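First comes the structure, then the notes that go with it.
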Amino acid sequence: MPELPEVEVVRRGLAGHVVGRIIESAELRGARVARRHLPGPADLAARIAGTHVESARRRGKYLWLVLASPDGERQALLAHLGMSGQLLVEEPGAPDEKHLHARFLFADGGTELRFVDQRTFGGLALSELTDELVPDAIAHIAADPLEPAFDQALVVRRMKARDSAVKRALLDQTLVSGVGNIYADEALWRAQIHGERLCSALTRPALSRLLDHARDVMLEALGQGGTSFDALYVNVNGASGYFDRSLHAYGQEGRPCARCGTLIRREAFMNRSSYSCPRCQPRPRARGAGN
DNA sequence: CTTTTCTCCTGTATGC
DNA sequence: TGCATACAGGAGAAAA
C-alpha cells in the first residue's frame with residue numbers, strides 16, 4: 001500500500017535511473033492505465049516521445065517526471081501507484097510481467113521503465129505544470145508534511161474547524177497529503193488518540209502533535225525503505241522495505257501494545273480496518289441526539 | 001458548500 | 001475439491 005514513504009522511495013529510484021535520459025518511445029497497454037489522460041493512451045505515448053527527463057518529483061502519494069521537449073516546453077508525466085502500482089527499472093528484454101500496463105524505452109538503449117499494476121487503481125496521465133513545477137491535475141492536493149511549503153498551523157486550524165473524525169481528516173488528501181491507512185493508524189497510536197474522536201473536540205496542541213507524529217513516522221519509514229507486506233510494494237529495483245517490523249498498531253490485532261501490553265484491537269471504520277490500543281486510545285463517548 | 005458513501009480492480013485467505 | 005465470500009484500500013464521482 002504505497003503511501004508517502006513508499007512513493008518517495010520510488011521517486012528516488014527514478015531520480016537515479018531515469019532523470020537525465022531521453023524517452024524514445026512509450027507503449028501503453030489497455031485503456032485503463034491512462035484513463036485520467038482524457039485524450040487517451042495513444043496521445044500520451046505520442047506526446048512524450050523524444051522528451052528529456054529533467055527531474056522526478058512528488059507531492060503526497062503523487063509522483064511525476066518533468067519532461068522537456070526539444071523546443072523547451074515542459075509537461076508532467078504524472079503517476080499514482082494506487083494500491084498495487086509499481087514503477088520498475090529493468091533490463092531490456094526482461095520477461096513481461098502479468099500486469100504490465102506501460103513500457104518506456106530510452107534513446108540510450110539502456111534500462112527500460114515499466115508500470116506494473118495488479119489492481120489497476122493506479123494510472124498515468126500527462127499534465128501541464130505550474131511555475132512551481134506542480135502538475136495542474138493535482139492542484140487540489142494539499143502539501144505533504146515533508147514539504148517546506150507545509151503550513152502546519154494552517155492545517156491545525158482547518159482540522160479544528162471540522163466536525164468529522166480525526167482519522168478521516170488525516171486521510172483527506174486536500175487537507176494534508178501523503179498519509180494513508182497505515183501511517184494514519186501509526187500516528188494515532190503514537191499520539192494516543194482514537195481515530196473516531198472528532199477534530200473539533202481535540203485541542204490545537206493535540207492536533208499539532210498528531211501531525212508531528214505523522215511526519216515522524218513517515219520519515220522513519222522512509223529511512224527503512226518503506227513498508228511492505230508482500231511483493232506488491234517494491235522500489236524501482238523490485239526490493240521491499242522493512243518498516244513493517246516497526247509497526248505498532250496497523251495489522252497488529254491481538255498483539256500486545258508496545259506501551260501498555262493491552263492487546264491491539266481491529267475495528268471497522270470508513271469501510272476499512274483501523275487498529276488501535278483499547279487502553280492508550282479509548283473510544284470517544286457515544287454521541288447522538290438527546291444526550 | 002461540506003461531508004459521507006459508493007465504485008473501480010484482482011490476488012489471497014477463509015468458510016461451507 | 002470447488003465455489004462463494006471477505007478483504008486489502010486511494011481517490012474521485014456521486015449522493016446526502
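This is a predicted model, so every value here is computed, not measured. Throughout, protein chains are lettered first and strands after them, A, B, ... in sequence-line order, and every chain is numbered starting at 1.
- Across all their heavy atoms, Ala26(A) and Ile48(A) have their closest contact at CB-CD1, 3.7 Å.
- The local environment of CG in Asn271(A) is sparse, with at most 12 non-hydrogen atoms from other residues, nucleotides or ligands closer than 6.0 Å.
- Across the interface with DNA chain B, nearest-nucleotide mapping of Ala161(A) and Asn271(A) shows Ala161(A) to be the residue nearer the 5′ end.
- Residue Glu3(A) places its side chain closer to dG10(C) than to any other of dG12(C), dT5(B), dG10(C).
- One can place CG of Asp117(A) at 13 Å from P of dA11(C), the figure rounded to the nearest angstrom.
- Of the candidate nucleotides dG11(B), dA11(C), dA8(C), dA11(C) has the atom lying nearest to any side-chain atom of Arg272(A).
- Per the geometry, CG belonging to Asp172(A) stands 10 Å off P belonging to dA11(C), to the nearest Å.
- Checking Arg265(A) against Ser276(A) by side-chain atom types alone, a donor-acceptor pair falls below 3.5 Å.
- Each of dG12(C), dT3(B), dC9(B) was ranked by its minimum atom distance to the side chain of Arg119(A); first place goes to dC9(B).
- Among the nucleotides dT10(B), dA8(C), dA11(C), the one closest to any side-chain atom of His99(A) is dT10(B).
- Two residues, Arg162(A) and Phe121(A), neighbour DNA chain B, and the one matched to the more 5' nucleotide by heavy-atom proximity is Arg162(A).
- If you take NE2 of His140(A) and P of dG10(C), they are 15 Å apart, rounded to a whole angstrom.
- Between Glu147(A) and Ala142(A) the shortest heavy-atom distance is OE2-O, 4.4 Å.
- Using a 4.0 Å heavy-atom distance criterion, Tyr62(A) is classed as a sugar-phosphate-only contact.
- A straight line from CD of Gln173(A) to P of dA13(C) spans 15 Å, rounded to a whole angstrom.
- Taking only side-chain nitrogens and oxygens, Tyr183(A) never comes nearer than 4.0 Å to OP1 or OP2 of dG10(C).
- Annotated stems with DNA chain B as a participant read B:2-16 with C:2-16, given as range with range, by first number; only runs of 3 or more Watson-Crick or G-U pairs under 3.5 Å qualify.
- No more than 12 heavy atoms of other residues, nucleotides or ligands lie within 6.0 Å of CG in Asp131(A), so this atom counts as exposed by the packing criterion.
- In this entry the distance linking CE of Met270(A) with P of dC7(C) reads 17 Å, nearest Å.
- Candidate nucleotides dG10(C), dT10(B), dC7(C) were compared by shortest atom distance to the side chain of Arg266(A), and dC7(C) ranks first.
- Closest approach to the Arg32(A) side chain among dT4(B), dG12(C), dC9(B) is made by dC9(B) (side chain taken as heavy atoms from C-beta onward).
- For the pair Arg259(A) and Trp189(A), the cation-pi test (distance below 6.0 Å, angle within 45°) is passed.
- Residue contacts shown for Arg36(A) are limited to sugar-phosphate atoms, with no base heavy atom under 4.0 Å away.
- Defined by atom type and a distance below 3.5 Å, a donor-acceptor pair is present between the side-chain atoms of Arg215(A) and Gln152(A).
- Rounded to an integer number of Å, the gap from CD1 of Ile182(A) to C1' of dG10(C) is 12 Å.
- With distances taken from any side-chain atom of Gln118(A) to the nucleotides dG12(C), dC6(B), dT10(B), the minimum falls on dT10(B).
- The side chain of Lys98(A) lies closest to dG11(B) when the candidates are dG11(B), dT4(B), dG10(C).
- A donor and an acceptor atom, one from each side chain of Glu90(A) and Asn237(A), are nowhere located under 3.5 Å apart.
- Between Leu171(A) atom CG and dT5(B) atom P the separation is 14 Å, expressed in whole Å.
- Residue Asp163(A) contributes atom CG, which lies 14 Å from atom C1' of dC1(B) at whole-angstrom precision.
- In this structure, Thr120(A) does not reach the dT10(B) phosphate: none of its side-chain N or O atoms is under 4.0 Å from OP1 or OP2.
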